[in-house]
Protein chains: 2
Amino acid sequence: MPRGSTRPTSRDVAEAAGVSQAAVSLVLGDKWRGRVSAATADRVRHAAQELGYRPNLAARNLRLGRTRTVLLVVPALTTEFFAGVYTGAARVAAQHGFGVVLYPSPEGIGPARDPFGSAQAALDGVIASSMAADALTAIRGDQLPLVMLDSDPTGSQGAATVNLDIADGVRQISGHLLGLGHRRFLHLAADIPSWTFEVRARELAACLVEVPGTSLHVARAPISFEDALAATQTALTTPGPRPTAVICDDDKLAAGAYKAARRLGLRIPDDISITGLDDLALARALDPELTTVHLDAERFGEQGMKALLAVLDGRTPPEEDIPVHLVVRGSTAPPNA
Amino acid sequence: MPRGSTRPTSRDVAEAAGVSQAAVSLVLGDKWRGRVSAATADRVRHAAQELGYRPNLAARNLRLGRTRTVLLVVPALTTEFFAGVYTGAARVAAQHGFGVVLYPSPEGIGPARDPFGSAQAALDGVIASSMAADALTAIRGDQLPLVMLDSDPTGSQGAATVNLDIADGVRQISGHLLGLGHRRFLHLAADIPSWTFEVRARELAACLVEVPGTSLHVARAPISFEDALAATQTALTTPGPRPTAVICDDDKLAAGAYKAARRLGLRIPDDISITGLDDLALARALDPELTTVHLDAERFGEQGMKALLAVLDGRTPPEEDIPVHLVVRGSTAPPNA
DNA sequence: ACGCCCAAGTTTTACGTATAACGTCCTGCT
DNA sequence: AGCAGGACGTTATACGTAAAACTTGGGCGT
């Protein structure tokens, strides 16, 4: 037993096993082959077990100069999407003996003045999701290895990037709706300055401009049920021919669009088709179930973490986009008349 | 400039300011009054600023024997509820200079064999949410200050507990439905061995037994859309008089119940009333909007963190339950006939 | 004039770990 | 017989910080 009630240290283990502290470190660090006899190694392991020894991570981190801990910066945790990203990143991290600390940037997507303010941990690297460029600069100042998720590759200042192939998702949506015969579209866009949403707008416009006779209106709303409802309602009641399909930047917006359509007495999908993007649990709870683009959040987090591990290893991370796929459910149908 | 490209240490700052390392520590630790002149203190601060000095947390943690970091153990991050708990806990923590590391127990609610397996951080304390008793024992073995969220106070082995007043929420639901005239109930229960769900079942039974002429059937399902759908569908098609109200253990189950009701051609709330519990974003997206009990997840997390801070301070945390309130929306109405 | 205390620092130490550098047998070979 | 070298360790040191213990040079009271 160590004196007092403090946690046992490697020295306590050494004493209990009748060896030096260095031997304990070698054995428990699995570097004992050819340096310590198997019998002694066993004694040490038993003593450690007996005392309930757990290494002091602060001391180890100080000694090694690294912490095997990385920071994941995400916008506010308001959907399960980022929970999935975290889960995926944490899983891969754990497999490599790393831990992940979460930092929900208080200002949401956009500039974060003090990227690490509340993160008490000492860090080996950072994964930043959907961040604005100025926050990026603040982070880079710390010289930490950095991976950006869903961010403009051209503005990433040399940081590695991992992206979902959102552009392809938009192509799949527009292809689906055009194939059904839709020509008049409303784009319910997230009113957030973020690359991932710019891509949606740009790609959608590019897809539709190719097809003669199409029209595209854009409504903007913050990602909230109420705002989406209001914006859609306004957009659908403006004079002129009504859009037959509403393409929403994400599922939450789509839920608002559903309610707006219902308020106006429109049936989904008979009178109006609606699509989302994310494939949250919400998508299946809506009635009819939402046609949307499935994003594999966990895989996204996994890839992000793998890229960061590569950077930490001095390797160059692969730059492939993560595929996404359209899930056709009940909210889309050919336009009537 | 320090030699090489390593991060500047307090010694580098000392050299730049022409003082000893101890002086730097005193100044930056704000313990310099009466020990260092104001002019020197300024020189030190400027030097630190100039070099971009940031203290090495591993070294500080080692020296101080504490990390100002706590672990929040939650079941899988599949709903925004636990995201809210985290957000609240992290906010309070940040105000006190603490960080929060998240550990989503891989086995979900229930036994967690290796509570800290993937948590690389050195910890000052633990907040554990909805955990089973055996996992608790494993945690207690580590002698860390512990606060339990939504856990059986009688089985908490002396750990502080913070609970939502779920029992009161159940009373509000049953009062609401009984007041509307309902007498035949289906309880769609979460098929998870956790105290928070046991409370729901016990309290509901207790509420209904007081009222003559009531019947209560119970269906069980894991918390998933599909399972809830299947369980409800089975329960509603068994012979005998059909329940007029379905009380669900949480909103996600309610979403499944909605779909089951629709499949059977039942209108909500005309033919059947449905209630949830949580008040997730989902609740407002359903059509009609879900009558449910609002849980203030962020406040829950805040209270949990405050309790842990109290324990760390040697104070006794208050043992008050957090109030919840019924939100009546469109999914409940008097039974027809 | 002498001692004392205070301001303004400095020197030293400890936290617990990982590892480089250094001993000491003993075995086997020439 | 002598000696190389492997097996099995030990000793010593550094990581960066906080803080206790020590130093030094006035200024002030008596």
Side-chain angles (χ1 to χ4, degrees), chain A residues 2-45 47-48 51-68 97 120-124, chain B residues 2-45 47-48 51-68 97 120-124:
Chain A
R3 74 283 176 202
S5 64
T6 53
R7 257 175 48 179
T9 72
S10 61
R11 210 173 308 272
D12 295 320
V13 176
E15 202 168 322
V19 297
S20 70
Q21 179 266 330
V24 173
S25 182
L26 288 172
V27 171
L28 300 183
D30 210 34
K31 294 191 162 52
W32 57 278
R33 262 157 284 261
R35 317 258 287 118
V36 176
S37 72
T40 306
D42 265 355
R43 272 213 327 284
V44 169
R45 274 189 288 259
L51 294 177
Y53 169 73
R54 306 209 332 147
N56 180 318
L57 294 183
R60 171 178 290 172
N61 292 342
L62 176 59
R63 175 71 236 253
L64 296 178
R66 66 200 151 84
T67 59
R68 305 207 138 235
Q120 287 298 317
L123 305 172
D124 281 354
Chain B
R3 72 286 176 202
S5 64
T6 53
R7 257 175 48 180
T9 73
S10 60
R11 209 173 308 271
D12 294 320
V13 175
E15 200 168 322
V19 297
S20 72
Q21 180 267 329
V24 173
S25 182
L26 288 172
V27 171
L28 299 183
D30 210 35
K31 297 192 160 51
W32 58 277
R33 260 156 283 260
R35 318 259 286 117
V36 176
S37 72
T40 306
D42 264 355
R43 272 213 326 285
V44 169
R45 273 190 288 259
L51 294 177
Y53 169 73
R54 306 206 335 144
N56 180 318
L57 294 183
R60 171 179 290 173
N61 292 342
L62 175 58
R63 175 71 237 251
L64 296 178
R66 66 200 150 82
T67 57
R68 303 205 140 236
Q120 288 297 316
L123 304 172
D124 281 355

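Each chain gets a letter, A, B and so on, in the order the sequences are listed, and its residues count up from 1. What you are looking at is a predicted structure, and each value in this text was computed from that prediction instead of being measured.
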Would you sort out whether A:N56 and B:L62 count as a side chain to side chain contact (heavy atoms under 4.5 Å, CB included), showing the intermediate values? CA-CA 8 Å; A:N56 180 318; B:L62 175 58; 4.3 Å; yes
Can you tell me how far P of C:dT17 sits from CZ of A:R68, to the nearest Å? 17 Å
Please confirm whether the shortest side-chain N or O distance from B:S37 to OP1 or OP2 of C:dA8 is below 4.0 Å. no
With the side chain defined as heavy atoms from C-beta on, A:A22 is closest, among D:dC15, D:dT10, C:dT17, to D:dT10
Mind calculating the distance between CG (A:L28) and P (C:dT19) to the nearest angstrom? 13 Å
Could you check whether A:N61 and A:T67, counting side-chain N and O atoms only, form a donor-acceptor pair closer than 3.5 Å? no
Contact class for A:L64 vs. all strands (heavy atom < 4.0 Å): base, sugar-phosphate, or nothing? sugar-phosphate
Whichever of B:L62 and B:R43 has its nearest DNA chain C nucleotide further upstream toward 5': B:R43
A:D12 side chain to A:T9 main-chain N or O, any donor-acceptor pair under 3.5 Å? yes
Mind calculating the distance between CG (B:N56) and P (C:dT17) to the nearest angstrom? 17 Å
Which nucleotide wins on minimum distance to the side chain of A:T40, given the candidates D:dT17, D:dG9, C:dA8? D:dG9
Winner on side-chain proximity to A:A23, out of D:dA12, C:dG16, D:dT10, is D:dT10
When the distance from CZ of B:R54 to P of D:dT17 is rounded to whole Å, what number comes out? 12 Å
Taken to the nearest whole Å, CZ/A:R11 to C1'/D:dT11 is 11 Å
Position toward the 5' end of DNA chain D (nearest nucleotide), A:R35 or A:Q21: A:R35
Gap between atoms CH2 and C1', on A:W32 and D:dT10 respectively (whole Å): 18 Å
Selection from D:dT17, D:dC15, D:dT10 that lies nearest to any side-chain heavy atom of B:Y53: D:dT17
Whether the side chain of B:R11 engages the backbone of B:Q21 through a donor-acceptor N/O pair (distance < 3.5 Å, no angle test) should be reported. no
In whole angstroms, the gap separating P of C:dG16 from CZ of B:R60 amounts to 18 Å
On a heavy-atom basis, which atom in B:A41 and which in B:V27 lie closest, and how many Å separate them? O-CG1, 3.7 Å
Assign A:V24 to base, sugar-phosphate, or nothing according to its heavy-atom contacts below 4.0 angstrom with the strands shown. nothing
In whole angstroms, how far is the P atom of C:dA21 from the CG atom of A:L26? 15 Å
May I ask you to say what B:S25 touches in the nucleic acid, namely base, sugar-phosphate or nothing, with a heavy-atom cut-off under 4.0 Å? base
Proximal nucleotide (of D:dT17, D:dG9, D:dA12) relative to the B:A59 side chain: D:dT17
Counting the atoms with a prime plus P, OP1 and OP2 as sugar-phosphate, which does B:S20 contact under 4.0 Å by heavy atoms, base, sugar-phosphate, or nothing? base
For a quick test of reading the model, state the closest non-hydrogen atom pair linking B:V44 to B:V24 and the distance between them. CG1-CA, 4.0 Å
For the side chain of A:S10, counting heavy atoms from C-beta on, which of C:dT17, D:dT10, D:dG16 is nearest? C:dT17
